[in-house]
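Below is one structure; the comments refer to it alone.
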Amino acid sequence: PKAGENQAFPLVTGDNPISADEMEKRLREIAGQLNADWKEPSFMPPALARRLRDFQFARAKRTKRYGASRPWGILGLYDHLSGVKVD
């Protein structure tokens with residue numbers, strides 16, 4: 001058989017391109033063999049869920065401490081650094 005045909009793991013070769021959707025579908029099928037919950041499209045890995053929860057907690061903590069004003073981003077950082085005098 002050609003590369004990517006009738007194999008357990010999806011392969012991408014020059015003569016056998018696989019779309020991102022097809023790759024995700026195949027990987028979910030393989031993961032579903034390990035754990036039935038992983039087969040669902042709405043499944044979120046626990047590590048990612050923890051990182052998102054931590055991010056949301058940090059954002060809420062910053063908002064509580066500094067208020068709801070929008071940060072200046074990279075332009076604010078540039079303005080601050082350009083105002084610092086180096087002697």
Side-chain angles (χ1 to χ4, degrees):
K2 286 177 132 184
E5 289 181 13
N6 299 324
Q7 294 182 0
F9 295 101
L11 299 176
V12 177
T13 61
D15 61 340
N16 185 25
I18 298 175
S19 70
D21 293 334
E22 180 65 22
M23 178 69 78
E24 182 179 352
K25 179 182 170 193
R26 290 183 184 183
L27 290 174
R28 284 194 185 278
E29 288 173 5
I30 294 168
Q33 294 173 1
L34 297 173
N35 186 335
D37 292 338
W38 293 354
K39 203 170 194 174
E40 297 299 317
S42 62
F43 174 75
M44 182 181 297
L48 178 58
R50 275 191 305 275
R51 289 175 64 189
L52 286 172
R53 185 198 64 219
D54 292 346
F55 177 79
Q56 291 169 342
F57 175 74
R59 176 184 275 174
K61 193 173 178 180
R62 279 191 307 273
T63 302
K64 183 178 178 183
R65 174 177 263 173
Y66 301 112
S69 65
R70 294 194 41 86
W72 286 34
I74 190 69
L75 296 177
L77 177 62
Y78 177 77
D79 183 54
H80 171 74
L81 292 176
S82 65
V84 173
K85 303 243 186 230
V86 178
D87 292 334

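Residue numbers run from 1 in the order of the sequence given. This one's a predicted model, so the numbers in the text were calculated from it and none came from an experiment. The figures that follow rest on heavy atoms only: side chains count, while hydrogens, waters and symmetry mates do not.
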- Query: Should Leu77 and Leu75 be counted in the same cluster of Ile, Leu, Val, Met, Phe, Trp and Tyr side chains packed under 4.5 Å apart?
  - Reply: yes
- Report yes or no: do Leu52 and Phe57 belong to one cluster of Ile/Leu/Val/Met/Phe/Trp/Tyr joined by side chain heavy-atom distances under 4.5 Å?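 The answer is no; the residues belong to distinct hydrophobic clusters.
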- By side-chain contact (heavy atoms from CB on, under 4.5 Å), Asp79 pairs with (sequence neighbours left out) Trp72, Ser82
- Message: If the condition is side-chain contact (heavy atoms from CB on, under 4.5 Å), which residues does Arg59 pass it with, not counting sequence neighbours?
- Response: Phe55, Arg62, Thr63
- Quick one: CG on Asp54 to CD on Gln56, what's the gap to the nearest 0.5 Å?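 The CD atom of Gln56 is 9.5 Å from CG of Asp54, to the nearest 0.5 Å.
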- Message: Measuring from atom CD1 of Ile30 to atom NZ of Lys25, what distance do you get when rounded to the nearest 0.5 angstrom?
- Response: 12.0 Å
- Query: Would you say Leu81 has more than 12 foreign heavy atoms packed within less than 6.0 Å of its CG?
  - Reply: yes
